[in-house]
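Contents: one structure, followed by commentary.
Predicted, not measured: the structure shown is a model, and the values here were computed from it. The chain is numbered in sequence order, starting from 1. Reckoned from all heavy atoms, side chains included, excluding hydrogens, waters and symmetry mates.
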Amino acid sequence: MSGTATGTPQRNEVTLAGRLPAAAEERTLPSGDVLVSFRVVVARPPARPAARGPAVDAIDCVAWSAPARRTVLGWAAGDAVEVTGALRRRFWRAGGGAASRTEVEVLKARRVAKAPP
């Protein structure tokens, strides 16, 4: 763990376990960098009976490293997966201004189970 000058521990580590709703997509950015983007859908724990709202969270993820990209590109829609990484906010130029996205930058990825046939 790293810390600040005051010694307070800090950590940005995310682990998601869920399902892949669609196949991952590989893209080459204008900079020449290659990434693979995908979503992981995670079921929320059962809420109180009176509570309403989404039953799942769909979380954007991106794999930059070659090993993580290869792993993720081998997955299929419906696969149960687990990813570990860090929460990042990425900025880029778009149209007449700037855009941003918060996503999980994947460092480790594995398929837990293949999608049912």
Side-chain angles (χ1 to χ4, degrees):
M1 261 192 273
S2 62
T4 65
T6 63
T8 304
Q10 296 184 23
R11 192 163 139 185
N12 181 354
E13 185 178 79
V14 176
T15 299
L16 302 174
R19 294 223 175 260
L20 201 67
E25 296 181 6
E26 186 174 55
R27 295 188 348 242
T28 301
L29 301 178
S31 65
D33 291 333
V34 178
L35 63 83
V36 172
S37 60
F38 59 100
R39 282 199 172 113
V40 175
V41 175
V42 180
R44 290 185 177 180
R48 300 183 318 270
R52 292 195 173 102
V56 298
D57 289 302
I59 301 157
D60 292 324
C61 300
V62 63
W64 292 90
S65 73
R69 291 193 320 258
R70 278 192 301 273
T71 297
V72 171
L73 286 171
W75 296 344
D79 285 352
V81 300
E82 182 177 276
V83 299
T84 303
L87 192 61
R88 302 276 188 240
R89 186 161 180 207
R90 189 164 49 95
F91 298 88
W92 67 93
R93 290 187 184 108
S100 72
R101 165 180 272 172
T102 301
E103 59 200 5
V104 174
E105 181 180 328
V106 176
L107 302 174
K108 294 181 185 176
R110 70 183 185 100
R111 178 172 37 210
V112 177
K114 286 190 172 193

Legend entry - Of L16, D57, D60, L20, the residue whose pairing with R39 passes side-chain contact (heavy atoms from CB on, under 4.5 Å): D60
Inset, instruction - Is it possible for you to say whether L29 and V36 belong to one hydrophobic cluster, with membership spreading through side-chain heavy-atom contacts below 4.5 Å? - result: no
Legend entry - Flag side-chain contact, heavy atom, 4.5 Å: F38 against V106: yes
Inset, instruction - Taking atom CZ of R101 as the centre, report whether more than 12 heavy atoms of other residues, nucleotides or ligands fall under 6.0 Å from it. - result: no
Inset, instruction - Of all the heavy-atom pairs spanning A76 and R111, show the shortest one and how long it is. - result: N-NH1, 4.5 Å
Inset, instruction - Report whether V42 and W75 are members of the same hydrophobic cluster (ILVMFWY, side-chain heavy atoms less than 4.5 Å apart, transitive linking). - result: yes
Legend entry - Rounded distance [0.5 Å steps], CZ in R27 versus CG in L35: 5.0 Å
Inset, instruction - Identify the two heavy atoms, one from R19 and one from G78, that lie closest to each other, and give their separation to 0.1 Å. - result: NH1-O, 2.9 Å
Legend entry - Heavy-atom pair with the smallest gap, counting every atom of P21 and V41: CG-CG2, 3.6 Å
Inset, instruction - Would you confirm whether N12, through its side chain, and L87, through its main-chain N or O, come within 3.5 Å as a donor-acceptor pair? - result: yes
Inset, instruction - State plainly whether one hydrophobic cluster holds both V104 and V81, where clusters connect Ile, Leu, Val, Met, Phe, Trp and Tyr through side-chain heavy atoms under 4.5 angstrom apart. - result: yes
Inset, instruction - Can you establish whether the number of heavy atoms outside E82 located under 6.0 Å from its atom CD is more than 12? - result: yes
Inset, instruction - Compare every heavy atom of A77 with every heavy atom of A115, then report the nearest pair and how far apart it is. - result: CB-O, 3.4 Å
Legend entry - R69 (side chain) donor-acceptor with W64 (main chain) under 3.5 angstrom: yes
Legend entry - Cluster overlap V40 with L73, hydrophobic side-chain contacts below 4.5 Å: yes
Inset, instruction - Test salt bridge (charged side-chain N to carboxylate O under 4.0 Å, His left out) on K114 and D79 and set out the steps. - result: CA-CA 5 Å; K114 286 190 172 193; D79 285 352; over 6 Å; no
Legend entry - Atom pair CZ (R70) and OG (S65), whose distance is rounded to the nearest 0.5 Å: 8.0 Å
Inset, instruction - Determine the minimum heavy-atom distance between T71 and A109, stating which atoms define it. - result: CG2-O, 3.5 Å
Legend entry - Nearest atoms (heavy-atom pairs only) where V14 meets A86: CG2-C, 4.4 Å
Inset, instruction - Would you sort out whether T84 and L107 count as a side-chain contact (heavy atoms from CB on, under 4.5 Å), showing the intermediate values? - result: CA-CA 6 Å; T84 303; L107 302 174; 5.8 Å; no
